[in-house]
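One structure is given below, encoded as C-alpha cells.
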Amino acid sequence: MIKPIRVLILLILFFGGGNIFGTSYYVDSDGGSDANSGKTSSSAWNSISRVNSYNFNSGDTVCFKADTRLMLSKSLSSKKNIIFTSYGTGAKPVLDGGYSYICADFEDASNVKFINLKFVNGYPNNIALWKCTNILIESCNVDSSRGASIYNCNIYSGQGSYLSVRNSTINYGDQSSGNGNLGIYIDGTDNSLLEYDTILNNFSNIRIGFGNPESGNSDWTDNLIIRYCVVKYGVYDNIDDDGSKNAQIYYNLFETNTSSGYHDNVYIFSDGSGNYPQYSANGACYYNNTFIAHSGGGSSIEIQSGAEATNITLQNNIFYNSSRTGWMFYSDNTYGALNFNNNIYYVTGGIYDHYWHIYGNTVHNFESWQSLGFDTTSYCINPLFINYDAGDFSLQSGSPAINSGTYVGLTSDINGNPVPPNSPDIGAYQHYITQNTLVNIKVLLEGMFNDGKMSTFYNSNKMISLSQPYNSSPWNYTGSESVAKIPANVVDWILVEVRTSNGNYSIVTSRAGFLKSDGIIVDLDGVSPLNFKNISSGYYYIVIKYVNAIETWSKNGGELFANTTVNFDFTSAQSQAFGNNLVLVDSKWCIYSGDINQNGSVDKDDYNTIDDDNYNFNYHVAKDLNGDGMIDLSDLIIADCNHNNNICTISPLTIIQ
C-alpha cells in the first residue's frame with residue numbers, strides 16, 4: 001500500500017502537475033520540423049535557426065538527437081542560463097560548421113553548459129567564447145576546426161572567467177593537409193579548468209594568452225588549472241604559454257609528436273611580435289606530470305621570452321627522452337626564479353652530456369646543471385614504466401619513482417588513485433597493487449519500497465529468472481551469473497558497475513547480484529557481499545542499474561577502494577548519490593523509479609507505456625514499478641510524478657544540475 005500523504009502529493013502532481021524546473025526542447029535534424037513545438041521528442045525542431053530565434057527561459061535545456069548530424073547554415077548564437085545536450089541512444093549528435101561557420105559563437109554569455117555533443121568543421125573555430133563566464137564543456141568532442149591559419153582553434157575563450165572543459169576530446173584530426181589549428185586557446189580567461197580531457201594532434205594543443213591589456217579587461221590568464229589530462233602529439237608543442245599567472249598543472253601525461261622535426265612539451269615565451277614584452281608565464285607550478293619526448297630537436301621545457309618567465313616550479317615530474325637530439329630544459333633568454341626539484345630524468349641510452357641549455361649558450365650535463373642549484377634532489381634514472389612501447393607509463397614494482405616524491409597537497413593521480421600524504425610517487429601515475437574487494441552495498445528502489453522493506457512478490461511467485469537478465473540492450477552485460485534456485489528474501493536481480501573516478505569514467509568491472517528486501521545487495525549465495533576481482537586501490541564510482549530505475553552513481557568524487565572490504569549505503573543520506581539524485585520515502589533515501597525505456601530519464605514515453613498497458617501480469621515487464629505483478633494507477637502515479645519533476649540520470653558523464 002502507498003502511504004496516504006504520499007498518495008495525496010502524487011495525485012496533486014498527477015492531475016495538476018507541471019514542470020517546476022526548466023523546460024526541455026528537442027532538435028532532430030533528420031525528422032524534426034521547425035513548425036513543431038519542440039517540447040517533446042516526437043515534436044522536435046529541425047534547425048539551429050529555430051533554436052536561435054526562440055526566447056528561452058533560465059534553466060531550459062536544448063536536446064539534440066543522438067546519431068544525427070546537423071549541418072549548420074549559421075552559428076549557434078549566444079544564450080544565457082541554458083544547457084545544450086543530447087537525447088536518445090547512439091553516438092553524440094554532431095554540429096557541423098561545414099568549413100563555413102563557427103559551430104557555437106557566444107559573446108557576453110553566462111551559465112551555459114554544452115554536454116555530450118560533437119562539434120566539427122567550424123570556421124574559423126568550433127566554439128568561440130568572448131567575455132563569457134561560467135561556461136561548461138562536458139563530455140564533448142571538439143574536432144577539426146578549419147581556420148585559415150594556426151591561430152584559429154577548436155575552442156577559443158577570450159577575456160572571460162570560469163571556463164571548465166571536462167572529460168572532453170579536442171582533436172585537430174588528420175594533419176596531412178597542414179599543421180592544423182590550435183586545440184584550445186585560453187586568452188585572458190581567468191579561473192579556467194581543464195580536467196580529464198584528451199587533447200591531441202593540434203598545432204599547439206593548449207595555448208595560454210594574456211588577453212588584451214589595451215582593452216582594460218585582462219592581463220595574464222590567472223589561476224588556470226590543468227589536471228588529469230592526456231595531451232599528446234602537438235605538431236609544434238603541447239603547451240604554448242604566453243601569459244599564464246599562477247597556473248597549476250599537475251598529474252597530466254604530455255607526449256610530443258613522433259614525427260621528425262622540432263616539438264616541445266612546454267614552450268614558454270612572450271608575445272611573438274614584441275608588442276607586449278612584459279607578459280610571460282609567472283608563477284606556474286608543474287607537479288607530478290609525466291613528460292614523454294620523442295625524436296626531434298625540441299625540449300620538454302623551453303623558455304624563449306623577451307620578458308622574464310619567473311617563479312616557475314617543476315617538482316615530482318618524470319622527463320623521458322627517447323632520442324638524444326632533444327633537450328630536457330632549454331632557455332635562450334632571461335628568466336627569473338626557477339625551482340626544479342624531486343624530478344626524474346631519463347634518456348634512452350643513459351647518456352646525459354648535453355640536455356640542459358641555460359641562457360648564455362652554455363650547455364650543461366646533469367652534474368653541472370645541479371652545480372647551478374637546479375634539481376639538487378633530482379636524479380637521472382630509468383623510471384621503469386610498465387610498457388613504454390605500448391604507451392603504458394604507469395610504474396612497475398621496484399620503480400625508483402615509487403615513494404620518492406615530495407607531498408605538495410594533491411590527493412589523487414591521473415587515474416583517480418589516492419596520493420598518500422607522505423612520500424607520494426613521482427610522475428602522473430601512483431603505483432598500486434590490484435586486489436579482490438568485497439563491496440557491501442545497500443540500495444532501495446522507490447517503487448518497490450513500502451513499510452520498511454521492498455516487495456518480494458516476484459520471488460514468492462517464482463517470476464525471477466535463474467540467469468541474470470542484463471545481457472541485452474541497453475545494458476549489454478556479458479556476465480554468466482546464474483543459480484539453480486533464487487535465494488530467500490530476494491527482490492530481483494540488480495546490476496552493479498565499478499567505474500573510474502575521472503577520465504572517461506570507464507567501467508572497471510561489473511557484477512549482477514541479488515537485491516534483498518532490506519536493500520542489501522548480495523552475491524549468488526544470497527548472503528555474501530559482491531566480490532570484485534583485481535581492482536587497484538583508488539577512488540571509484542559505484543553505479544546501480546535496475547530494469548525500471550534511474551541509473552544512479554555514488555557520491556561525487558567516488559568511494560575509496562583501499563581495503564579488501566568497502567561499505568556503501570545509498571539509503572543513509574541524499575548526498576550518497578552523485579548530484580543528490582535520490583528521493584526520500586518514509587525515512588530512507590531511494591533510487592528513483594520509472595525509467596522504463598532506460599534512456600536516462602523518466603519522460604512522457606515512460607508514462608505513456610504504463611498508461612497503454614494497465615493490469616498486465618508478467619515478470620520483468622519494466623512497467624510494474626511497485627513490483628506487485630500488475631501495471632495500474634499506482635505505477636502511473638510514480639512515473640507521472642518523476643516525469644513532471646524532470647528526473648533523470650545525474651553523473652559525471654551527463655551533468656545537468
Side-chain angles (χ1 to χ4, degrees), residues 19-29 32-41 43-66 68-87 92-98 100-120 122-142 145 153-166 168 184 189 191-192 646 648 654-657:
N19 191 353
I20 62 173
F21 303 100
T23 301
S24 293
Y25 295 86
Y26 298 86
V27 181
D28 179 357
S29 59
S33 169
D34 286 349
N36 289 337
S37 69
K39 293 186 177 181
T40 67
S41 57
S43 61
W45 294 333
N46 175 258
S47 72
I48 285 293
S49 296
R50 187 69 179 97
V51 175
N52 287 343
S53 65
Y54 195 80
N55 186 21
F56 295 99
N57 292 318
S58 178
D60 285 350
T61 300
V62 177
C63 307
F64 297 92
K65 187 176 182 180
T68 61
R69 178 178 291 263
L70 182 57
M71 298 300 300
L72 302 180
S73 59
K74 57 181 62 180
S75 302
L76 176 64
S77 61
S78 289
K79 304 288 182 184
K80 295 183 179 180
N81 306 313
I82 193 168
I83 300 164
F84 296 95
T85 187
S86 62
Y87 74 97
K92 293 181 177 72
V94 179
L95 278 67
D96 190 334
S100 299
Y101 302 96
I102 297 173
C103 297
D105 191 4
F106 281 46
E107 182 174 349
D108 292 319
S110 59
N111 303 312
V112 178
K113 300 179 182 179
F114 301 96
I115 301 170
N116 204 46
L117 302 172
K118 185 171 183 176
F119 301 87
V120 301
Y123 177 84
N125 313 112
N126 276 320
I127 298 175
L129 306 168
W130 179 248
K131 296 184 179 178
C132 296
T133 186
N134 290 320
I135 306 296
L136 171 67
I137 299 171
E138 167 81 28
S139 301
C140 290
N141 294 84
V142 190
S145 64
C153 49
N154 280 310
I155 300 175
Y156 174 80
S157 180
Q159 299 190 30
S161 61
Y162 295 101
L163 167 70
S164 295
V165 183
R166 180 185 302 128
S168 294
I184 179 168
T189 295
N191 303 303
S192 293
N646 251 13
C648 61
T654 55
I655 297 172
I656 64 171
Q657 57 181 351

To check you understand the geometry: which heavy-atom pair defines the closest contact between [X] and [Y], and what is its length?
X     : Y      : answer
Thr85 : Leu117 : O-CD2, 3.4 Å
Ser75 : Asp105 : CB-CB, 3.9 Å
Leu70 : Ser29  : CD1-CB, 3.4 Å

Check your understanding: Less than 4.0 Å between a side-chain N and a carboxylate O, is that true for Arg69 and Asp96?
Key -> yes
Please report the interatomic distance [atom1]([X]) to [atom2]([Y]), rounded to the nearest 0.5 Å.
X      : Y      : atom1 : atom2 : answer
Ile127 : Leu95  : CD1   : CG    : 9.0 Å
Lys74  : Ile102 : NZ    : CD1   : 14.5 Å
Asn111 : Ser58  : CG    : OG    : 7.5 Å
Tyr123 : Asn125 : OH    : CG    : 10.0 Å
Lys113 : Ser139 : NZ    : OG    : 12.5 Å
Leu163 : Asn134 : CG    : CG    : 10.0 Å

Check your understanding: Given Phe106 and Trp130, is the ring pair (Phe, Tyr, Trp, His ring centres under 6.0 Å) satisfied, shown in steps?
Key -> CA-CA 6 Å; Phe106 281 46; Trp130 179 248; over 10 Å; no
**Study point:** Leu136/Tyr162 under side-chain contact (heavy atoms from CB on, under 4.5 Å): CA gap, chis, key distance, verdict
**Key:** CA-CA 8 Å; Leu136 171 67; Tyr162 295 101; over 6 Å; no
Has [X] got a side-chain atom pairing as donor or acceptor with [Y]'s backbone, closer than 3.5 angstrom?
X      : Y      : answer
Thr189 : Gly160 : yes
Ser168 : Arg166 : yes
Asn52  : Ser77  : yes
Asp60  : Asn57  : yes
Asn154 : Ser145 : yes
Ser78  : Glu107 : yes
Tyr156 : Ile184 : no
Asn36  : Ala44  : yes

Angle class for the [X]/[Y] ring planes (parallel below 30°, perpendicular above 60°, tilted otherwise)?
X     : Y     : value
Phe84 : Phe64 : parallel
Phe56 : Tyr25 : perpendicular
Tyr26 : Tyr87 : perpendicular

Point to revise | CA sep, side-chain torsions, deciding dist, call: Val120, Val94, side-chain contact (heavy atoms from CB on, under 4.5 Å) | key: CA-CA 7 Å; Val120 301; Val94 179; 3.6 Å; yes
Review point. Does the side chain of Val27 reach to within under 4.5 Å of the side chain of Cys63, using non-hydrogen atoms?
Key: no
Check your understanding: Asn46: what forms a side chain to side chain contact (heavy atoms under 4.5 Å, CB included) with it, not counting sequence neighbours?
Key -> Asp34
Could you verify whether a donor N or O on one side chain and an acceptor N or O on the other, from [X] and [Y], lie under 3.5 Å apart?
X      : Y      : value
Ser161 : Thr133 : yes
Lys92  : Asn141 : yes
Thr40  : Ser43  : yes

Practice item. Return the set of residues passing salt bridge (charged side-chain N to carboxylate O under 4.0 Å, His left out) with Lys65 (not counting sequence neighbours), or none when no residue passes. Key: Asp28
Check your understanding: Can you list the steps and then say if Thr61 with Thr23 is a side-chain contact (heavy atoms from CB on, under 4.5 Å)?
Key -> CA-CA 6 Å; Thr61 300; Thr23 301; over 6 Å; no
Review point. side-chain contact (heavy atoms from CB on, under 4.5 Å) between Phe119 and Cys140: does it pass, once the steps are laid out?
Key: CA-CA 8 Å; Phe119 301 87; Cys140 290; 4.3 Å; yes
